[in-house]
Structure formats: structure tokens, C-alpha cells
Amino acid sequence: MSKKVFKVLSPTAILGYGFPEKSFFRGMEKSPHLIAVDAGSTDPGPYYLGAGKSFTSRQAVKRDLTIILKAAVKSSIPCIIGSAGGSGARPHIDWTEEILREIAAEESLSFRMALIYADVAKETVLDALHQGRVQPLYPAPEISADDVNQSVRIVAQMGAEPVVRALMEDCQVVLCGRCYDPVPFAAPALMKGFHPGLALHMGKILECAAIAASPGSGRDCVIGFLYDNHFELEALSDERHFTRMSTAAHTMYEKTDPYNLPGPGGSLDLTETIFESLEGGRARVSGTRFNPVFPYTVKLEGVRSAGFRTISIGGVRDPILINAIDSVLDEIRKQVMADVGGSVKILFHVYGKNGVMGMREPEKNRASHELGIVIEVIAGKQDLSDSVCAYIRSVLLHYGYTGRISTAGNLAFPYSPSDIPCGEVYEFNIYHLMAVDDPVSLFPMRVCEVPE
């Protein structure tokens, strides 16, 4: 076995999710060469990119960052944060930078920091679209210039190259905009010449922290040991351990192809990957390769405004109404649409009857003794959405369906007020690959000293 090793500490699956300090400092006792953490995901949906807000709380992010930053500065090792603020656009980087500077002032810390921006101008995407360098990621459709122009905000998912550039400029803290999830964990190892397939594969596991361990948790720490020809994973809590099964299963997490895992500039090839369980609750992985692809492509994520949302939540327990709920809701939708016109979108989410999977639900005939109904209205203005939602709620509350016995009302409301304005909402309209000539220049970098 090679003795050359690069050790990476992953505190938590998402910055702001929290982690036990005991696990973290157990990891620090192993003298890691890097602390890296992923801060973002598209999982919470398009709102946070469109609104420029974080889906994790400021208090929770500051708590996590205080522990991480103090340890990194004290140990003189890099701290790399990926997809700042959840979605990795400029407002999210600004928000996270403010927290970092606040911590530095409170804890008397000083460091050199790089901020790498992932926002892409509409003109850049339009030029690429015109040149045939934009293609959809299944199941996204082809896009037009109108789609690009309607976007509120567009980011690109950076690869390792911009982060390596920051490290080469002696930046100890690297705050990244939207980036490929394994990058914060793999970039320093790639700069040192470690195998790209193994480095990125280890990064893919570490970015979710202890979720890949057994039992899994997104709120616990793990450490990875990268060698020349394999890597090993170790949980930092006595109640968790890695196995070949947990590691292999997580490798295929959120992937449509178990052997080919694409990312910026290439893909991980798992056709010859070997997963092994080791003593002490560790796992070993070897054989993963990285296959570069040309041209180099980055994933674009863009959102546009979808209007303004209002919801109302009610419960139904009358078995007569439950048996007729589909026809009742269809009739109410038709009645309201006839009254207000086609300028609104009306949705009913019926929990207890296909509420989670909708038309894809395989258990279509399973009966429930009660239903939870979420009335959702999306309109061009908040006051119109509020008005239509209130109208639907009142119609459903007093709707006279066949066989109705009670006239006191059809819904039980858990909240007062019963209607909840949600503000502006967004939808993904760009989820595409863009071919680029230079994977570095697309992502501008600002270097600064903290404190300045």
C-alpha cells in the first residue's frame, strides 16, 4: 500500500445542518489536510436561487462555520465551502462572506480568502445557444432565447479548476459559488497529483458526510483517506460505521446510471470499482477511473418567476366526501376557473390519496379514513392569488356534494388565518449543459485578506 495520503474532514452534509463537536474534534485529532463542506443543493427547489436566499438559517450556518473556521485557521489548513448559501449565486456568496467576516472579527482570526462567483450572464448563455453549445439534461426540453431572457438568475456548476486556481494563490479559505458537489473535497488532492477518479469519487461520498455510513446521518462527521490507488472512509462517531454496502449504495445515490457518474469536464467510470469492508468500521474503494470528455461542459441552473402563491390547508374526515373527493375537486376547479378565467393556476394536493406521488402512485385504490387537502393557487399578483384561494376555500368548505349529511362545513382547518400568502415563486427553466472553452475564466475570482 502507498504511504502517500491526503486526509479530508467532512463535518456535515450541508453547512447549517449541524454536527456533534465531539465527532468534529475526533476528526481534527487525525490531522486532516483539509476541511471541506458542501453548502448547497437544488433539492429544496428553485425558490432559493430565484429569491437569492439561503434555505439554511443564518444562526445555524454561523454556528457550524465558527467551529470549522477556528479549527482550520489554528491548524493552518484550507477550508473550502461549496455552493455558498444553498444555491451559489452572488447574493448567497455575499451572505456567507458576511458571516465569515463576522466570525473572524469575533474570534480574532486572519486569513487569505478567495470568492469564486458562479453567476452566468444571459448574454453568455445566448451566445452559446446561438452557437449550438447548449443542450438539455434529460428530461429538460430544448430552450430558446426567450427562456434565457425570462430567467431571473443563472448559475453554472464549476469544476475543480477555479478552486485549484484559488489554492495556487495561497488562499486558505475558498468560498465557492455553485459547484460540482465533490469539488471542495477533491480540488486540493487534484492539485497535488492524486488520481482524479479516486479523488472525485471520495469527494462524492464525503460531500454527504455520514449519510453514507450506517446508520446514516447528514448531521455527523466523517474523514476520508486518499491514497495513490484507493481511498478509505471512517466515521467519527462510535455509533456509525462504513460498510462496502453502505458505500456502494451511496455512490449510486441520485444517479440514473450505476457505472457512469457525469460531472464538469468528464465522468466517473465505476465499471472496475471495488468496494471493501475493513476492520474498525472503515470501507475501502479502489478502481474508479475518470474519463475526460470534450468539449468541456458545465451544468447551467436557471429560474424564472412563476407568479405568486397562496395556500390553504384543510382536513376532511367525512367518508362520503372522501369517496367522492376527485369529482368534487374537479367540479370546484371548473367552477372557479369559469368565474376567474384562465389567469390563475389551481392545484389540489390530497394527502392520504396520492398526495406525494400524484399520478405515479401505484397504490391508487387504497382507502383512507381522513384526507389532508392543500389548496394552492398561483397567479400573476399576490392579491389575485389570495382572492382566488379564499374563494376556493369557501366553495369547498360549503360544497353540497351528493349524499351530504352535515351542513356545518366540509373542512377542518389547523390554522387561523386559514389562508397563507407565500409570496413570489419560481420554477427551473434552465437545466442544461453548456460547452465552454475555458472552465476557469467563466468563474471570476476575488481574493482578499480578512480582516482587510
Side-chain angles (χ1 to χ4, degrees), residues 40 42 49 80 82-84 87-90 93 114-138 140-151 153-169 171 174-197 199-200 203-204 260-269 289-303 428-447:
T42 56
L49 177 58
I80 304 179
S83 297
S87 299
R90 184 174 286 268
I93 283 194
L115 301 99
I116 309 175
Y117 298 95
D119 303 74
V120 181
K122 293 179 184 180
E123 292 75 17
T124 301
V125 180
L126 289 170
D127 287 345
L129 185 65
H130 179 72
Q131 296 167 15
R133 294 188 287 111
V134 177
Q135 63 185 49
L137 273 170
Y138 178 82
E142 298 283 350
I143 57 171
S144 66
D146 287 342
D147 292 308
V148 178
N149 287 322
Q150 290 170 9
S151 297
R153 192 169 282 115
I154 306 171
V155 293
Q157 201 178 75
M158 71 183 73
E161 294 84 358
V163 180
V164 169
R165 176 184 59 173
L167 294 170
M168 292 181 67
E169 294 199 23
C171 295
V174 182
L175 181 57
C176 304
R178 187 69 173 115
C179 69
Y180 181 40
D181 292 348
V183 158
F185 307 84
L190 296 175
M191 185 177 71
K192 294 178 181 295
F194 280 87
H195 191 288
L200 289 167
K204 185 200 177 336
N260 181 50
L261 311 184
S267 63
L268 294 179
D269 182 345
R289 296 175 296 184
F290 179 76
N291 295 328
V293 295
F294 303 96
Y296 190 108
T297 58
V298 296
K299 186 176 79 167
L300 300 176
E301 297 166 0
V303 296
F428 284 113
N429 71 323
I430 298 178
Y431 203 77
H432 293 64
L433 295 179
M434 182 175 73
V436 296
D437 295 326
D438 182 0
V440 175
S441 61
L442 184 65
F443 303 97
M445 182 175 73
R446 175 167 65 91
V447 176

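- Atom NZ of residue K122 and atom CD1 of residue I430 lie 9.0 Å apart, to the nearest 0.5 angstrom.
- At a threshold of 4.5 Å between non-hydrogen side-chain atoms, the residues I80 and P188 count as touching.
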Query raised in the report: side-chain contact (heavy atoms from CB on, under 4.5 Å) between Q157 and V298: does it pass, once the steps are laid out?
Result: CA-CA 6 Å; Q157 201 178 75; V298 296; 5.5 Å; no
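- Inspection of the D269 and N291 side chains reveals an N or O donor paired with an N or O acceptor under 3.5 Å.
- Each of I143, T297, L129, L137 was checked for a side-chain contact (heavy atoms from CB on, under 4.5 Å) with H432, and the lone residue meeting it is I143.
- Atoms CD and NE2, from E123 and H130 in turn, are 14.5 Å apart once rounded to the nearest 0.5 Å.
- Across all non-hydrogen atoms, the minimal contact from A435 to R133 is O-NH1, 2.5 Å.
- Side-chain contact between I154 and V148 is present, with heavy atoms from C-beta onward closer than 4.5 Å.
- One distance of note links CG of L175 with OH of Y117; it measures 8.0 Å at 0.5 Å rounding.
- Side-chain contact between V447 and C171 is present, with at least one heavy-atom pair separated by less than 4.5 Å.
- Formation of a donor-acceptor pair under 3.5 Å by the R446 side chain with backbone atoms of L115 is not found in this model.
- In plain terms, the two heavy atoms of V155 and S87 that are nearest each other are CG2-O, 4.1 Å.
- In this structure, the side chains of V163 and P184 stay at 4.5 Å or more apart for every pair of heavy atoms.
- T124 and D127 share no donor-acceptor pair across their side chains, judged by distance under 3.5 Å alone.
- Counting all heavy atoms, side chain and backbone alike, Y296 lies closest to P264 at OH-CB, 3.4 Å.
- Side-chain atoms of Y431 and L300, non-hydrogen and from C-beta on, never get closer than 4.5 Å to each other.
- For the pair R178/T42, a side-chain contact is recorded, criterion being any heavy-atom separation below 4.5 Å from C-beta on.
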